[in-house]
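Just so we're clear, the structure is a prediction, and the values are computed from it rather than from any experiment.
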Amino acid sequence: MRVAFFTAGTHGAGHLVRGVALHRALLRRGAQVDYRLFSPPSPFARIAEGVHHPVAVDAAELRVPERARTSALAKALADFAPDLLIVDLFWVPLVFVPVTCPTWLLLRSVPAWWLVGPKESRFDPARYQRVFAIEPAPGLGAFESLPPVVVANRHEARSRADLCALVGADPARPLHLTVRAGLPSDAEPLDAVAPRAGAQPRALDLSRSDAPFPLAPWLAGLAPGDVLVAAPGYNTFWEAQWLGFAPRVQWVPITRTLDDAAWRAGVSAPAAWAENGADVLARRIMSELR
């Protein structure tokens, strides 16, 4: 079974993390799968080592049907010949690329115009065998609901002692931990949140080669009195809800063109959320490709 995951996202680690989350879920289910994650080159590529295949995504080229058919992206997908293509959010680059296998689209929070598209390639859900809303965002009610896709599960949680050892902190004192997994410019608003008196300031930056991945199991070790400062990007936010460390987080919404972080920061976890969306998606993939 060959499964391709494609994202054109380049702002931070989030889009790669979703691809890794699905791969981990397939492995948990014992899938015999050749899995490849196609994306533009990324400074976070190390988190997808072994499955990441960088590919040029040239918007000018991909908007012209004749050029799109012979593009680097078209060639990469044709050479792999997947049985299923999972598209993470960025549907426009593939409109004119020949795809001969079933295609599923994952949608998180997007502005309304994202589901209209440019005049030469309007959004058409009929292009996809399945369209999943992977969070309860406004404007996605017409699509099939899927629980949030999270990179780790609760049994992977580490202890507070483990977390303190990781960041070199005294377990007897509270932590003030800042986590970054986005753009370099995110550092300023996150670092502007001052620690409380007596708290130990520490930072984890996923762009550093020595930062553990996935981070979520380590963050599950946060205890009452600790504070985590983070942007409410899709992955960190839903990891916090799923792994139970949300009460320790001070969310700092950072403006993004394609994501309403301020909206997400005020959202509650879906009612009766009982399973990681990555595991749900992996199960459906195995069922439909069997």
Determine the minimum heavy-atom distance between Ala246 and Gln241, stating which atoms define it.
-> CB-NE2, 3.6 Å

Is it the case that one hydrophobic cluster holds both Phe5 and Met1, taking links as side-chain heavy atoms less than 4.5 Å apart, direct or via other members?
-> yes

Run the salt-bridge test on Arg29 and Asp279 with the 4.0 Å N-O cut-off and return the result as yes or no.
-> no

Distance, nearest 0.5 Å, that separates CG of Leu146 from CG of Leu107 | 11.5 Å

Run the side chain to side chain contact (heavy atoms under 4.5 Å, CB included) check on Leu222 and Leu163 step by step: do they pass?
-> CA-CA 8 Å; Leu222 291 162; Leu163 176 60; 3.7 Å; yes

Step by step, work out the side chain to side chain contact (heavy atoms under 4.5 Å, CB included) result for Leu243 and Leu219.
-> CA-CA 9 Å; Leu243 290 171; Leu219 301 179; over 6 Å; no

Side chains of Ile134 and Tyr234: does their closest heavy-atom pair fall under 4.5 Å?
-> yes

Is there a chain of hydrophobic side chains (I, L, V, M, F, W, Y, each step under 4.5 Å between heavy atoms) that links Phe237 to Val252?
-> no

Mind checking whether Leu204 and Leu166 have side chains closer than 4.5 Å, heavy atoms only?
-> yes

Ring centers of Trp104, Tyr128 separated by less than 6.0 Å = no

Donor-acceptor pair, side chain of Arg46 and main chain of Arg208, under 3.5 angstrom = yes

Tightest non-hydrogen contact, residues Pro40 and Thr7, listed as CD-O, 3.3 Å

Is the closest basic N to carboxylate O distance between Asp34 and Arg36 below 4.0 Å?
-> yes

Indicate yes or no: does Glu288 engage Arg283 in a salt bridge with an N to O separation below 4.0 Å.
-> no

Between Arg196 and Gly225, is there a donor-acceptor pair closer than 3.5 Å when you use the side chain of the first and the backbone of the second?
-> yes

With a 3.5 Å cut-off and sequence neighbours excluded, list the donor-acceptor pairs that the side chains of residues 74-82 form with protein atoms.
unit_1	atom_1	unit_2	atom_2	d
Lys75	NZ	Asp79	OD2	2.9

Asn153 side chain to His155 backbone, donor-acceptor under 3.5 Å | no

In one Ile/Leu/Val/Met/Phe/Trp/Tyr side-chain cluster, 4.5 Å: Ile47, Leu89 | no

Taking C-beta and beyond as the side chain, do Pro224 and Arg248 meet within less than 4.5 Å on heavy atoms?
-> yes

Thr178/His176 under side chain to side chain contact (heavy atoms under 4.5 Å, CB included): CA gap, chis, key distance, verdict = CA-CA 7 Å; Thr178 302; His176 177 95; 4.2 Å; yes

Check the hydrophobic clustering (I, L, V, M, F, W, Y; side-chain heavy atoms under 4.5 Å; chains of links allowed) and say if Val116 and Val110 are grouped together.
-> no

Check: Ala68 main-chain N/O paired with Ser71 side-chain donor or acceptor under 3.5 Å = yes

Do the charged groups of Arg180 and Asp191 touch, with an N to O distance under 4.0 Å?
-> yes

Test Phe44 against Leu206 for side chain to side chain contact (heavy atoms under 4.5 Å, CB included), laying out the working first.
-> CA-CA 7 Å; Phe44 298 96; Leu206 202 58; 4.1 Å; yes

Rounded distance [0.5 Å steps], CD in Glu144 versus CZ in Phe132 = 4.5 Å

Any side-chain heavy atom of Trp113 within less than 4.5 Å of one from Leu258?
-> yes

Mind listing the closest non-hydrogen atom pair of Thr103 and Leu84 along with its distance?
-> N-CD1, 4.5 Å

Val92 and Phe123, any side-chain heavy atoms less than 4.5 Å apart | no

Taken to the nearest 0.5 Å, the spacing of Ser121 OG from Leu62 CG works out to 10.0 Å

What's the shortest heavy-atom distance between Ala240 and Val249, and which atoms?
-> CB-CG2, 4.3 Å

Report, as yes or no, whether the 6.0 Å neighbourhood of atom CD on Glu66 holds more than 12 heavy atoms from other residues, nucleotides or ligands.
-> yes

Measure centre to centre between the rings of Phe38 and His52, then say whether the value is under 6.0 Å.
-> no

With Phe6, the side chain to side chain contact (heavy atoms under 4.5 Å, CB included) member among Ile86, Val97, Leu94, Asp88 | Leu94

What's the spacing between Asp226 CG and Arg202 CZ if we round to 0.5 Å?
-> 11.5 Å

Does Asp259 pair with Arg264 as a salt bridge, N-O distance under 4.0 Å?
-> yes

Measure across Leu85 and Val99 and return the closest heavy-atom pair with its distance rounded to 0.1 Å.
-> CD2-CG1, 4.0 Å

Does any non-hydrogen side-chain atom of Asn235 lie less than 4.5 Å from one of Arg108?
-> no

Do the non-hydrogen side-chain atoms of Leu140 and Leu115 ever get within less than 4.5 Å of each other?
-> yes

Report whether Trp273 and Phe143 are members of the same hydrophobic cluster (ILVMFWY, side-chain heavy atoms less than 4.5 Å apart, transitive linking).
-> no

From the options Leu228, Val167, Val227, select the one residue that forms a side chain to side chain contact (heavy atoms under 4.5 Å, CB included) with Leu175.
-> Val167

Are side-chain N/O atoms of Glu135 and Trp238 paired as donor and acceptor at under 3.5 Å?
-> yes

Approximate separation, where rounding is to 0.5 Å, of Arg63 CZ and Asp58 CG = 10.5 Å

Find out whether the Lys NZ or Arg CZ of Arg154 is both under 6.0 angstrom from the six-membered ring centre of Trp242 and within 45° of the ring's axis.
-> yes

In Å and rounded to the nearest 0.5 Å, what is the OG1 to CH2 distance from Thr257 to Trp114?
-> 10.0 Å

What closest approach, in Å, do Pro171 and Cys164 show between heavy atoms, and which atom pair accounts for it?
-> CA-SG, 3.8 Å

With sequence neighbours excluded, what pairs up with Phe213 under the ring-ring contact (aromatic ring centres under 6.0 Å, His included) test?
-> none

Do Met286 and Gln32 come close enough that some side-chain heavy atom pair is under 4.5 Å?
-> no

Considering only NZ, NE, NH1 and NH2 on the basic side and carboxylate oxygens on the acidic side, decide whether Asp186 and Arg256 come within less than 4.0 Å.
-> yes

